[in-house]
Amino acid sequence: MVYNIKVFGIVQGVGFRPFIDRLAATFNINGTVANKGSYVEIFAQGSDYAVQNFCDAITKNPPPRSTILDINISKTSMTDDFNDFQIIESEHETGNIFVSPDIAICDLCKTELFDKNNRRYLHPFINCTACGPRLTILKNMPYDRERTSMNKFPMCNDCSEEYFNPNSRRYDAQPVCCNECGPEVYILDGNERGAEAIKRVRRVIKDGGIAAIKGIGGFHIACDSTNFETVNRLRKLKHRPQKPFAVMIKERQLINNAHSTIYKFIDNHQKQILLIDKSWTIKVAENVAPYNHKLGVMLPYTPLHLLIFNYPDDIVDFPKVLIMTSGNISGSPIVITDDEARRDLSKICDVILSNNRDILIRADDSVIDFINDEPYMIRRSRGYAPLPILIRNEKLGMRNYDSVLAIGGELKNTFCLSKGDLFYLSPYIGDMTSLQSFDILKSSINRMSDLVEIKPQVIACDLHPRYQTTKIAEIIASELDVSLIKVQHHYAHVLSCMAENNFTDKVIGVAFDGTGYGTDGTIWGGEFLVSDLNGFERAASIAPFIQAGGDKSSVEGWRIAIAIILDAFKDVDTTKKIINELNIIDEDKITGQLFLLQNNINCIKSTSAGRLFDAVSAILGLCSVSTFEGEAAMKLQFAAESFKTSSNRNCDYPLNKLFNNQILCFNDLISRRLSGDSVNQLAYEFHIGLADYIVNTCIKIRSRNNISTVALTGGVFQNSLLLSLTADNLKSYGFNVLCHKLIPANDGGLCLGQAVAANGIN
Ligand SMILES: [Zn+2]
Ligand SMILES: [Zn+2]
């Protein structure tokens, strides 16, 4: 019997065919294996039993850098004519495209890099079939050297020999190169090249300087993370007073291995930034991640990173942990060219280490948290993008349009291109609030469309009339002469969570985040949306409060606090007295804000859960003004967690009164704070109260609409305490709970929901 086996996923350029060849020999199977562009096709001749075992072995233990999304097995009517097993050379076929994400350097290349007798000794661009850049150097498919930014580096004879030899581990490795023929590092606007350039950067970092280093998906800014003064200087230059910096750790052995899941995960081939407890690794300066018990850490993932840490020069005691933060102006997309580096980084950095291999598409580092021992995506980018989400569900994918472009949100932008049942999410682009980011988003969309060969038949974007992303969507829709569909922000969040969980029935979507444009023109952000693929009904929301002071009210939590206190006590003098007693903000600012509120100037109705966290954080004296997005909420969460750890949860929860019949009721919180109750305990009770409120509201909606699945989505659900409290509580009341895993709950996951929404609209 001959079987036809199709393996979908990242199966090209990762040594998949030689792997199949070896397996076939093991299981005594004759036939062929071929790359089909979108999948690998195998014809396998053998007994039912042997073929079954063969397929099991493929899925159970695929090559380390591959990702199998699906495997299809069917019997054929072919006769048993195969006498051996053969690898068939590939031709480009149209169809679904799987572009590999960039892959961290493998162990074999690492060994060669520091082997004096190897011809790639200390070569900053060493790579092989199993590792190296992919997405970021690729112009279009199929994945051949001439279509990558390696095309300007002709292979030397030795490299060429390896490239064409099926027995070499660099067979068909498009970025293959060596010290003879590969790209070169250099100091931007300086004289040093190659080894001298690397030594100079090491010297600068060792001496407390700040360096920019061009990596795989963009420039990083690097410095010694144990040097308080240097970190302080970087904070001033980057206008980033408190937001935590990520660090790169020289080797995994510097992390405590007691938590084995995380210890294993951090060394995967994606090498994302992982949020771990600070105490699990060696001490960094307090100002690297101030007021934060977590630290974002990653391991070196390019040969150049390894050389920076380990270069055999005369520098001793080079730091073991470096700050490694995106090279950009706060919030903007990461810098990728020398010109951009000169413009944006030269004022921050003492030296810039660049190289002449072009980065064709930006790919910031991915960021992952761990919640309940499972990875929880915060930023999906390098190493993960553009691996598509496969939605094998006719209701979700392939409905009215074959291909969709969803532009995504205004902050933490990513976009999504879909074709049939495959949804390709772009790497992280960043905030769309500057003029530059407009061009960057547009060119990234063009590049990705070329790469995955998708011509969208419909465009989706957010409902907000004044977003840059909405403008871009309008421009692209008119250029392509296709229709534009605007999707309500929180509905897109709910659909994104449904899609990730492959769920299509009606859900109670609990979308809690900072801000989104509501269908009534007010600010939404604490929403209960009864949703399915056809639309949503706003079943409930947290009680509205007034956001006064325009954009400032989204970073200055004290402004919301004043509105809430005024609403609770109804009296201006009492409000002033309480704010003074709580020491929330200076006297002169109180009067101005009260004036706005009383005269309805610059006031807008809001149900933003994010702003509610800000207000409580201000009332409890934790944070009145955020210096980065989510700061106030984070401090509130940490305070609550420290109470939970220290108290063993021994408290009654009088703050359940916080949401009385869905009306916000802050009197209790405020008076207990005034009478000196512990801030940490009140922070914890706020979390409990909010989780209870969510569950009670879901119970009411269930009794009305008979829906018992809840989707928890939106940036507020990055709060692991609130997420666990809510999910556990819902489950105990018999709800089926959908959470995010590898698609961010925040606006970085919005584009997937937009794409799913647009796909279903006629
Ligand atoms: Zn390698
Ligand atoms: Zn070479």
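Both counts, for ligands and for their atoms, begin at 1 and track the order of listing.
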Participant: Do we get Arg17 above Tyr171's six-membered ring, with its NZ or CZ under 6.0 Å from the centre and within 45° of the axis?
Facilitator: no
Participant: When you draw lines from the Zn ion (ligand 2) to SG of Cys181 and to SG of Cys156, what angle lies between them, to the nearest 10°?
Facilitator: 120°
Participant: Using the ring of Tyr428 (Phe, Tyr or Trp, six-membered ring only), decide whether Arg379 places NZ or CZ under 6.0 Å from its centre and within 45 degrees of its axis.
Facilitator: yes
Participant: Charged N to carboxylate O under 4.0 angstrom, Arg362 versus Glu340?
Facilitator: yes
Participant: Ignoring hydrogens and geometry beyond distance, is a side-chain donor-acceptor pair present between Asn310 and Lys110 at under 3.5 Å?
Facilitator: no
Participant: Parallel, tilted or perpendicular: which one describes the rings of Phe82 and Phe43, with boundaries at 30° and 60°?
Facilitator: parallel
Participant: Are Arg357 and Phe125 in a cation-pi setup, meaning NZ or CZ lies under 6.0 angstrom from the ring centre and within 45 degrees of the ring axis?
Facilitator: no
Participant: Looking just at side-chain N and O atoms, do Tyr186 and Asp338 make a donor-acceptor pair shorter than 3.5 Å?
Facilitator: yes
Participant: Provide the protein N, O or S atoms situated under 2.8 Å from the Zn ion (ligand 1); waters are not included.
Facilitator: Cys106 SG, Cys109 SG, Cys128 SG, Cys131 SG
Participant: At less than 2.8 Å, would any N/O/S atom of Cys178, backbone or side chain, sit next to the Zn ion (ligand 2)?
Facilitator: yes
